[in-house]
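In what follows, a structure is listed as structure tokens, so that the remarks can point back to it.
One-based numbering, in listed order, for ligands and for the atoms of each. Starting from 1, each residue takes its place in the sequence as its number.
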Amino acid sequence: MFDKYFLMKADEVTQYVKEKLNFFDANENLYAKEIGDGNLNYVFKVMSKDSDKSIIVKQAGPVARISDEFKLSTDRTRIEAEVLQNQEKLAPGLVPKVYLYDDIMCACVMEDLSDHTIMRTALINHKMFPKFADHISTFMVNTLLGTSDVCVEHKAKKQLVKDYINPELCEISEQLVYSEPFNNALNRNNIFAPMADYVQKELYDDKELHLEAAKCKFDFMNHAQSLIHGDLHTGSIFITPESTKVFDPEFAFYGPMGYDIGNVVANLLFAWCNGMATIEDADERKTFVDWVEQTVKDVVDMFKEKYDKFFDKNVTDDMAQTDGFKEWYLDSILTDTAAVAGLEMIRRTVGIANVKDITTIKDTDKRVKAEKMCIKMAKAFIMNRTSYKKGADYITTLKAME
Ligand code: SR1
Ligand code: MG
């Protein structure tokens, strides 16, 4: 039955799991629910009526769920499954386990993390995660530096660049992150109506901003630095107070490290905006936004500390060991981080794929204030990207825009 590709329904998924894996006992009664809330794929949770066991099946369709304008190669599931397996080796315990990848059905079967929460949802409920910065900085240093020319044999690295060429998903980011927020060329930006004039002036008419965004776009397309996650927002992270699991690396390809780090920073700042706009009690609000601010600082600063140690321990390239290279290389990563943080903040505010942290702010004035602040911060990050050298620099900008 599963020897030719088709898009599975829930009852076919239970059959699929029985046929392909020995995860459940042969006589267990299974049922499945489609639980996907992402923009691209179908995600099923398969559960047993006879035990506590459960598993996730993720299947790629030929077009995106968000809009069938996006025709996508189903090869993205191979990329996702292989990248997760590679990341498990580089950053053990920080990604879900993969049990099966099936190139016929374009499906990946993986660990069910229902005891975790999607981080964006948790942040919108103003939950705090003191271990997150430590976990995510380890994940980023190990997976980014660990796949770069700093320590990977250069022919092997070039093979990886080839293996993870991901043209269609990169095209989505090229359009949705680096082009459409600035020109609305395909007329599919989602602009909150009271923001229309502001967006016209601050984004569509700002030619200096366009030039810097264009430079960043060409860096994204031409800087095969590391096997990046490619979509490391808080909707790609499962979390508990003790555990962080990064999933969904279907946008992975060899790109600039700062793309991942900038995404994490930007999405924390969306949580900050949500907290400021929606938490009524002043003490609770302060506790939450202070934690977000500290986390932004820690993510960047812990990345730097761990980068330093990882580099010294693992560097193999002879010339990369030259005095001053490590600092120069880090500097360019930090510049990319600031630029991408800004680009992500703009595209999630005005582009086709928005974030609930902002869209769920019910009070119109508060939402307008939050959106303007995101755009103002973002422009500072992009235009002054070489000056963001430490975590506190982001918070200085945030405070100046309040
Ligand atoms: C057409 S896909 C829109 C967005 O969803 C994904 O999560 C990526 O962020 C992409 O840009
Ligand atoms: Mg995703």
Less than 6.0 Å separating the ring centroids of Phe381 and Tyr394?
yes

Ring centers of Phe220, Phe253 separated by less than 6.0 Å
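Yes, close enough.
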
Got more than 12 heavy atoms from elsewhere within 6.0 Å of NZ, Lys306?
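More than 12 within 6.0 Å, yes.
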
Out of Lys366, Lys362, His126, which residue meets the side chain to side chain donor-acceptor pair (under 3.5 Å) rule with Thr278?
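Single side chain to side chain donor-acceptor pair (under 3.5 Å) partner of Thr278 among Lys366, Lys362, His126: His126.
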
Lys/Arg-Asp/Glu bridge criterion (N-O < 4.0 Å) met for Glu293, Lys297:
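Salt bridge between Glu293 and Lys297, a charged N being under 4.0 Å from a carboxylate O: no.
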
Tell me which N, O or S atom of Asp248 sits nearest to the Mg ion (ligand 2).
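Nearest N/O/S atom: OD2.
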
Indicate whether the side chain of His229 and that of Asn263 have a donor and an acceptor atom separated by less than 3.5 Å.
no

Quick one, list the residues around ligand 1 where some non-hydrogen atom comes in under 4.0 Å, by chain and residue number.
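Heavy-atom contacts below 4.0 Å: Asn39, Leu40, Ile66, Phe70, Ile172, Leu176, Asp231, His233, Phe251, Arg347, Arg348, Ala353.
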
